[in-house]
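Contents: one structure, followed by commentary.
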Amino acid sequence: ILLNFVTPCLIINSLNISFDKTKFRGIIICVVAYLSIQIVCAVIATLLFRGGDEKSRLVMRFALVFSNVGYMGIPLQKAVLGNEGVFYGSVCVAMFNVFVWTYGIICMGGKNSQMSLRKLILNPGIIAVTIGFILFIFSVKLPTPISSAISGMAALNTPIAMMVIGFNLARSNILSALKDKRVYLVS
């Protein structure tokens, strides 16, 4: 629900505004900055996590590169920076989706990694990014019933993410995680 519906709604909802040259320049700056940070993090992750169990190494690399940009980031941006902060934060969430469905799949796949162009293009995050940017660039406003439904789904982003994280934490062995020095390195 979170990956397939809520996060795409968050992206579409935040980009469903009228086109503005200043905001468009801000989007370009966000995209370049975000991708630069992601590339630097990917290089650092590759250098830090080289040996040991491949499965564990891949998870550590993934965890270092992909942060919690949307689930906790969006509410913090809203509180500190208002709607404009959410707009630019959502651009980062959009880029996160592009990067996670490309490099993330390669990262988690390891030596057997196979990325399907069809799966890349047709995943909900990329579709939402495409729809959102079309709405923004052409200043298309969604009808109120659709906009309200998308906005309501977008508002579920943090609560559902916190439930998923809570369920996983409840089933995990936190003590063993705290004993793993690599976890501190990722943090």
Side-chain angles (χ1 to χ4, degrees), residues 1-17 19 23-24 26-42 45 58-59 61-78 81 83-110 112-138 140-142 146-168:
I1 291 172
L2 188 63
L3 290 175
N4 291 324
F5 298 105
V6 176
T7 301
C9 285
L10 175 73
I11 293 167
I12 292 169
N13 187 55
S14 66
L15 293 171
N16 189 28
I17 61 172
F19 181 82
K23 280 192 165 78
F24 184 72
I27 287 174
I28 300 299
I29 291 168
C30 271
V31 167
V32 169
Y34 186 80
L35 290 178
S36 299
I37 290 167
Q38 291 299 94
I39 291 167
V40 168
C41 286
L58 295 175
V59 169
R61 285 180 182 173
F62 188 89
L64 182 65
V65 174
F66 296 102
S67 64
N68 190 346
V69 295
Y71 308 131
M72 285 304 294
I74 296 295
L76 289 172
Q77 291 157 1
K78 175 88 170 169
L81 303 169
N83 288 335
E84 193 160 346
V86 172
F87 172 77
Y88 290 117
S90 295
V91 170
C92 291
V93 171
M95 296 317 304
F96 172 90
N97 274 277
V98 171
F99 206 64
V100 83
W101 286 100
T102 54
Y103 174 75
I105 288 174
I106 292 168
C107 181
M108 288 303 289
N112 303 321
S113 176
Q114 293 180 352
M115 189 171 66
S116 161
L117 184 61
R118 183 175 182 268
K119 284 183 182 178
L120 171 65
I121 293 170
L122 296 178
N123 81 71
I126 302 299
I127 292 170
V129 169
T130 304
I131 291 169
F133 279 117
I134 289 171
L135 293 173
F136 174 69
I137 289 171
F138 294 107
V140 176
K141 285 293 198 187
L142 293 173
I146 294 172
S147 179
S148 293
I150 288 174
S151 178
M153 285 292 283
L156 294 173
N157 189 57
T158 300
I160 290 179
M162 293 303 105
M163 287 172 50
V164 170
I165 291 168
F167 293 146
N168 284 310

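In this text the structure is predicted, and so the values were computed from the model without any measurement.
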Stacked cation flag Lys23 on Phe136, 6.0 angstrom / 45 deg: no
Would you indicate whether Phe5, at its atom CZ, is surrounded by more than 12 heavy atoms from other residues, nucleotides or ligands within a distance under 6.0 Å? no
Measure the spacing between CE of Met163 and OG1 of Thr158 and express it to the nearest 0.5 Å. 13.0 Å
Working to the nearest 0.5 angstrom, can you tell me the gap between Phe133 CZ and Phe19 CZ? 11.0 Å
Neighbour count >12 (heavy atoms, 6.0 Å) for atom CD1, Ile1: no
One should read off an interatomic distance between Asn168 CG and Ile165 CD1, to the nearest 0.5 angstrom, of 8.5 Å
For the pair Ser151 (side chain) and Ser147 (backbone), establish whether a donor and an acceptor sit closer than 3.5 Å, ignoring hydrogens and angles. no
Measure up the Phe66 and Phe96 rings against each other and bin them: parallel (under 30°), tilted (30 to 60°), perpendicular (over 60°). perpendicular
Closest contact, heavy atoms only, Ile39 versus Phe99: N-CZ, 4.5 Å
Taking the side chain as every heavy atom from C-beta outward, state whether Met108 and Val59 have any atom pair closer than 4.5 Å. yes
Minimum heavy-atom distance Arg61-Cys107, with the two atoms named: CB-SG, 3.9 Å
Applying the side-chain contact (heavy atoms from CB on, under 4.5 Å) criterion to Met95, which one of Val32, Leu35, Val129, Ile37 satisfies it? Leu35
How about Leu15 and Leu135: do any of their side-chain heavy atoms sit closer than 4.5 Å? no
Might you point out which heavy atoms bring Ser14 and Ser90 nearest each other, and give the distance in Å? OG-CB, 2.7 Å
Distance in Å, Leu142 CG paired with Ile12 CD1, rounded so as to fall on 0.5 Å steps: 7.5 Å
Heavy-atom nearest pair, Ala45 first then Val65, reads CB-CG2, 3.9 Å
Would you confirm whether Thr7, through its side chain, and Leu2, through its main-chain N or O, come within 3.5 Å as a donor-acceptor pair? yes
Over all atoms of both residues, closest heavy-atom pair of Met153 and Val6: O-CG1, 3.2 Å
Taking atom CG of Asn157 and atom CD1 of Ile11, what is their separation to the nearest 0.5 Å? 9.0 Å
Identify the heavy atoms of Asn16 and Val140 that sit nearest to each other, and give their distance. OD1-O, 2.9 Å
